[in-house]
Amino acid sequence: MTVPATISVPTHVPTISDLRIAPPQSNQPTVELQLAAADAAGDLGDSPYVWFTAGCGGEPLVGAVRGTVSAGLVRAALPNVRKAAGGGTPAAGKCDLQVRVTDSTGIDSNTLKTTVEFRN
């Protein structure tokens with residue numbers, strides 16, 4: 001026999017949609033993103049964690065930053081995702097980006113995916 005494990009099934013999850021990326025400049029180290037968030041329980045908070053994975057050809061860059069919430073929109077500045085490129089920071093190119101949000105009780109949202117294109 002094994003020891004029983006307790007699991008928790010949340011009664012709600014935050015839902016994110018409409019991911020938008022501000023076009024990054026070649027001299028900017030961050031990528032600005034905005035997404036719509038709906039949370040029926042209202043426990044998203046003022047600064048939820050925004051989790052991300054950026055793949056630009058090398059090892060993926062994985063991390064979390066604090067976002068800001070205003071009128072149902074979450075905004076966040078991701079660190080230099082260009083570092084995920086193998087062999088250095090590309091001046092131009094594409095990175096695959098995945099994003100999710102965690103509410104104040106620790107419940108994760110769905111995951112959104114997009115491609116970020118860097119230009120000179």
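Counting from 1, the numbers follow the sequence of the chain as shown.
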Residue pair Leu97, Leu78: steps toward the side-chain contact (heavy atoms from CB on, under 4.5 Å) verdict: CA-CA 11 Å; Leu97 181 66; Leu78 304 184; 3.8 Å; yes
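- Closest heavy-atom contact between Asp46 and Pro48: C-CD, 3.7 Å.
- Across Gly67 and Val74, no two heavy atoms sit closer than the pair CA-CG1, 4.5 Å.
- Atoms OG and CG, from Ser109 and Leu35 in turn, are 7.5 Å apart once rounded to the nearest 0.5 Å.
- Taken together through direct or relayed side-chain contacts under 4.5 Å among Ile, Leu, Val, Met, Phe, Trp and Tyr, Val50 and Ile21 form part of one hydrophobic cluster.
- A continuous path of hydrophobic side-chain contacts links Val65 to Val116 [ILVMFWY only; heavy atoms under 4.5 Å].
- In the hydrophobic clustering of ILVMFWY residues, with side-chain heavy atoms under 4.5 Å counting as a link, Val69 and Val99 come out together.
- In terms of heavy atoms, Ala64 sits closest to Phe52 at N-CE2, 3.6 Å.
- Contacts classified as salt bridge (Lys or Arg N to Asp or Glu O under 4.0 Å) and involving residues 96-109 (residues at least two apart or in different chains) are given here: Arg100-Asp108.
- Remark: side-chain polar atoms of Asp39 are paired, donor with acceptor, to backbone N or O of Leu44 under 3.5 angstrom.
- With hydrogens and angles left out, the side-chain atoms of Gln34 and Arg20 include no donor and acceptor closer than 3.5 Å.
- Between the CG atom in Asp43 and the OG1 atom in Thr105 there is a gap of 4.5 Å [rounded to 0.5 Å].
- Under the 4.5 Å side-chain heavy-atom criterion for ILVMFWY residues, no single connected hydrophobic cluster contains both Trp51 and Leu33.
- In this structure, the side chain of Ser104 does not engage the main chain of Gly45 through any donor-acceptor pair within 3.5 Å.
- Checked by atom type and distance alone, the side chain of Thr53 never pairs as donor or acceptor with a backbone atom of Val62 at under 3.5 Å.
- How far NZ of Lys113 is from OG1 of Thr111: 7.5 Å, rounded to the nearest 0.5 Å.
- Taking both residues in full, the closest heavy atoms of Thr15 and Asn110 are given as CA-OD1, 3.4 Å, listed atom of the first, atom of the second, then distance.
- Here the SG atom belonging to Cys56 is positioned 12.5 Å from the NZ atom belonging to Lys94, to the nearest 0.5 angstrom.
- The minimum heavy-atom distance linking Pro14 with Val101 is given by the pair CG-O, 4.5 Å.
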